[in-house]
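One structure is given below, encoded as structure tokens.
Note that the structure is predicted; figures quoted are calculated from it, not measured.
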Amino acid sequence: DEKTSLTVADAVDYKGHPADKSRTGGWVPAALSLGIEICERLSTMGIAVNLVTYLGGTMHLPSATSANVVTDFMGTSFLLCLLGGFLADSYLGRYRTIAIFAMVQMLGTCLLAVSTKLPQLRPPPCKCTDITQCEQANSFEMGILYLSLYLIALGTGGLKSSVSGFGTDQFDEKNEKEKAQMAYFFNRFFFVISTGTLMAVTVLVYIQDEVGRSWGYGICSASMFIALVIFFSGTKRYRYKKCSGSPIVHICQVVSAASGKKTAKLPSDISLLYEDLPEASRIHHTDQFRFLDKASVVTEDDYRQGSFMMNPWKLCPVTRVEEVKKMIRLLPIWATTIIFWTTYAQMITFSVEQATTMERTIGHFQIPAGSLTVFFVGAILISLAVYDRFIIPLCKKWRGEPGKMNIMSASFVETTNDSHYSSNVFDHFLSTGFTNLQLIGIGLFLSAMGMAAAAVVEVKRLSVAKKYNETTTLPITVFYLIPQFFLVGAGEGFIYTGQLDFFITQSPKGMKTMSTGLFLTTLSLGFFFSSLLVSIVKATTGSSDKQGWLGEHINKGRLDCFYGLLAALSFFNFGLFLLSAAWFRKKTVKQAPETEIIVKESTIEEKC
């Protein structure tokens with residue numbers, strides 16, 4: 001017992017022995033992984049926020065095409081998080097996944113630095129204001145660029161799915177001191193992401209524009225190499241969790257078992273459904289999605305030669321079925337958060353293109369167009385700081401409870417009694433601030449307002465562009481763009497933390513990795529939807545003799561109409577979110593009686 005108390009039950013050291021608490025884990029090993037995350041943010045965001053200017057100014061691609069290249073790159077990065085999570089859970093483990101994919105990303109940034117340095121890998125320079133008169137990049141030049149970008153996307157996908165999880169692996173949740181340290185790690189994780197993004201949109205973008213693209217991307221590659229060296233230095237101090245299998249397999253088993261028994265009749269007594277998990281690990285049966293309950297119905301096919309044979313693809317415990325039901329309940333909220341990331345995509349594509357046409361000088365210093373996103377990042381940090389330092393303490397003071405709670409610790413209060421819901425939510429607000437669903441709602445509303453503001457500003461910018469048709473830089477200050485950056489940025493501060501908390505706290509314990517992947521797919525699909533929407537609008541509003549809303553150059557299009565369309569879609573989506581949130585709150589839980597199903601050879605006995 002004494003030896004057990006000195007080790008972590010579900011973790012091993014680098015030799016495969018039980019992890020010694022005094023020699024492994026803790027805050028220092030967890031912090032070593034944060035260097036990888038900073039470099040990942042530095043590379044991904046440093047490339048994304050300024051890539052559209054390179055595609056248009058150097059590769060001579062049309063405005064809409066440049067925007068789609070960026071959003072496809074970002075969408076693929078987040079979509080590949082599912083692949084990284086699957087490999088980490090099922091085969092490689094988080095440590096190997098981080099090491100392998102960090103090296104892949106380093107290779108991608110190195111190749112990107114080379115492709116932007118060599119003149120043979122880009123078209124000849126062109127000083128014409130009309131991009132249609134310039135020679136576009138050929139298929140070979142774009143092929144090398146795509147190869148480097150999607151190597152970076154692959155590396156990003158593997159890293160994002162494992163870095164935060166590997167950091168939390170260094171703490172023992174059963175130890176109160178380490179549990180507090182883990183909360184501190186989570187609170188600082190989002191700060192690290194924002195720090196990396198801030199460095200990317202300021203220092204790195206400036207280096208790309210004023211010193212050279214190859215220098216900027218080379219710094220990304222070198223910083224990742226240094227972060228990897230630091231990461232490997234902690235190998236002997238890390239705690240490692242064994243691969244537990246992917247929850248995707250469990251979901252497939254439930255669907256397969258329910259489909260195979262679609263003609264089976266459900267028993268009137270839910271206690272007759274199959275369950276073999278310990279009482280402490282069980283999830284009570286619910287009445288929603290009853291068709292999935294057929295996966296737990298015991299039939300004659302589950303017996304072979306007179307004895308009971310449990311095949312997980314034909315028969316699943318009630319708890320496994322309820323885990324899948326819980327994941328399904330998350331889908332409406334999941335679907336209504338996708339549009340936010342579509343509006344976010346405009347901040348690093350068309351909004352940056354807007355900035356390139358506007359007056360950006362302060363004295364003798366010219367602000368790089370990509371660095372305008374610093375207002376976006378600043379809005380995130382300011383909104384979180386105001387929430388944590390003012391709103392939460394004010395709520396606690398109002399309630400008369402000392403102390404504070406960080407925004408990342410906010411959790412949704414569930415209740416099965418609708419008549420007491422309002423008072424419970426109000427009490428929760430006074431003690432911890434907004435619930436995670438409320439945070440998501442605030443983020444969606446702010447992003448919709450941001451798109452409306454963007455449409456108004458674009459009307460003003462286009463009116464100036466018509467007067468100064470031949471001017472490269474329009475006599476209108478770039479600071480007109482601050483409202484759209486600030487509103488959408490503040491929206492991300494609320495929605496990111498709300499989504500992360502919602503998907504982690506509302507998902508089953510055995511599917512936390514899956515829920516994090518589900519959260520990241522909203523980012524991916526948001527970027528892909530942006531590409532789809534741009535293509536549809538371009539094809540619908542344009543023709544061979546007319547540019548339409550989006551096309552070769554934003555000064556000749558109607559970007560204000562596109563922003564207006566996004567604002568309308570965002571407000572409509574906000575209404576759908578409110579309905580989805582109301583539906584989620586009203587789910588009912590029907591608990592089974594204290595019944596244990598015991599399987600013994602050819603008989604099934606009930607023990608009450």
Side-chain angles (χ1 to χ4, degrees), residues 50 52-68 70-71 126-134 136 209 343 345-362 366-373 375-376 448-488 530 533-570:
N50 209 30
V52 70
T53 61
Y54 178 76
L55 294 170
T58 303
M59 307 301 276
H60 307 147
L61 299 184
S63 174
T65 304
S66 299
N68 281 357
V70 177
T71 51
C126 177
K127 295 183 179 180
C128 295
T129 56
D130 187 358
I131 197 173
T132 58
Q133 304 300 317
C134 300
Q136 288 190 21
D209 284 359
T343 63
Q346 312 318 309
M347 298 300 103
I348 60 175
T349 53
F350 288 121
S351 292
V352 175
E353 286 194 63
Q354 286 177 288
T356 61
T357 68
M358 303 170 78
E359 182 60 49
R360 293 178 278 121
T361 56
I362 301 178
Q366 186 177 59
I367 305 172
S371 290
L372 261 294
T373 49
F375 294 107
F376 185 84
M449 292 297 294
M451 283 295 96
V456 172
V457 170
E458 180 61 8
V459 170
K460 173 68 175 177
R461 195 194 67 84
L462 284 177
S463 66
V464 176
K466 289 179 180 179
K467 294 180 182 179
Y468 301 88
N469 192 31
E470 300 300 324
T471 306
T472 304
T473 302
L474 302 176
I476 177 174
T477 178
V478 76
F479 296 116
Y480 272 107
L481 300 179
I482 289 179
Q484 64 201 61
F485 279 111
F486 192 87
L487 286 169
V488 179
S530 176
L533 191 62
V534 167
S535 298
I536 292 174
V537 168
K538 183 180 178 182
T540 304
T541 62
S543 62
S544 57
D545 57 345
K546 186 177 71 170
Q547 174 172 293
W549 291 2
L550 307 170
E552 305 296 337
H553 198 284
I554 59 172
N555 284 353
K556 298 179 181 179
R558 292 299 306 272
L559 187 58
D560 57 328
C561 294
F562 180 70
Y563 281 160
L565 173 63
L566 268 176
L569 289 175
S570 297

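- From Thr373, atom OG1 reaches atom CG of Leu481 across 11.5 Å, with rounding to the nearest 0.5 Å.
- Between Gln484 and Ala454, the shortest heavy-atom contact is OE1-CA, 3.3 Å.
- A pairwise comparison of heavy atoms in Thr356 and Ala369 identifies CG2-CB, 3.5 Å as the closest pair.
- Not a single donor-acceptor pair under 3.5 Å links the side chain of Ser351 to the backbone N or O of Ile348.
- Within the model, atoms CE of Met451 and CG of Leu487 stand 9.5 Å from one another, a figure rounded to the nearest 0.5 Å.
- Residue pairs meeting the salt bridge (Lys or Arg N to Asp or Glu O under 4.0 Å) criterion with at least one member in residues 454-467, sequence neighbours excluded: Glu458-Arg461.
- Counted by atom type alone, Glu359 and Thr477 present zero donor-acceptor pairs between their side chains at under 3.5 Å.
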Begin with the C-alpha distance, continue with both residues' side-chain angles, and end with the deciding distance and a verdict on side chain to side chain contact (heavy atoms under 4.5 Å, CB included) for Phe479 and Phe375.
CA-CA 10 Å; Phe479 296 116; Phe375 294 107; 3.9 Å; yes
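- Closest non-hydrogen pair, Leu474 versus Val464, comes out as CB-CG1, 4.2 Å.
- With sequence neighbours left out, Tyr563 forms a ring-ring contact (aromatic ring centres under 6.0 Å, His included) with no residue at all.
- Atom CE of Met358 sits about 4.0 Å away from atom CD1 of Ile476, to the nearest 0.5 Å.
- The minimum heavy-atom distance linking Val52 with Ala67 is given by the pair CG2-N, 4.3 Å.
- In this structure, Asp209 CG and Ile367 CD1 are separated by 12.0 Å, a value rounded to the nearest 0.5 Å.
- Remark: Tyr480 OH is loosely packed, at most 12 non-hydrogen atoms of other residues, nucleotides or ligands lying under 6.0 Å away.
- Not counting sequence neighbours, the partners of Asn68 by the side-chain hydrogen bond (donor to acceptor under 3.5 Å, both in side chains) test are Ser535.
- Atom OG1 of Thr540 sits about 9.0 Å away from atom CH2 of Trp549, to the nearest 0.5 Å.
- Each of Lys556, Glu353, Lys538 was scored for a side-chain contact (heavy atoms from CB on, under 4.5 Å) with Ser63, with one residue passing: Glu353.
- Legend: residues meeting side-chain hydrogen bond (donor to acceptor under 3.5 Å, both in side chains) with Thr58, ordered by chain and number and at least two apart, are absent.
- Looking at every heavy atom in both residues, Ala567 comes nearest to Ala448 through CB-O, 4.1 Å.
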Which is it for Thr541 and Leu550 under the side chain to side chain contact (heavy atoms under 4.5 Å, CB included) test, yes or no, and what are the steps along the way?
CA-CA 8 Å; Thr541 62; Leu550 307 170; 6.0 Å; no
As a quick check of understanding, evaluate side chain to side chain contact (heavy atoms under 4.5 Å, CB included) for Leu372 and Val478, giving each step before the final call.
CA-CA 8 Å; Leu372 261 294; Val478 76; 3.9 Å; yes
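- In terms of modelled atom types and a separation under 3.5 Å, the side chain of Ser66 and the main chain of Pro62 share a donor-acceptor contact.
- When all heavy atoms are compared, the tightest approach of Phe485 to Met347 is CE2-O, 3.5 Å.
- A distance of 5.5 Å separates CZ of Phe562 from CZ of Phe350, quoted to the nearest 0.5 Å.
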Report the C-alpha separation of Leu533 and Leu569 in whole Å, then their side-chain angles, then the decisive distance to 0.1 Å, and conclude whether the side chain to side chain contact (heavy atoms under 4.5 Å, CB included) test is met.
CA-CA 11 Å; Leu533 191 62; Leu569 289 175; 4.2 Å; yes
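- Taking Gln136 as the reference, nothing meets the side-chain hydrogen bond (donor to acceptor under 3.5 Å, both in side chains) condition, with sequence neighbours excluded.
- Residues meeting the side-chain hydrogen bond (donor to acceptor under 3.5 Å, both in side chains) test with Ser530, sequence neighbours left out: Gln346.
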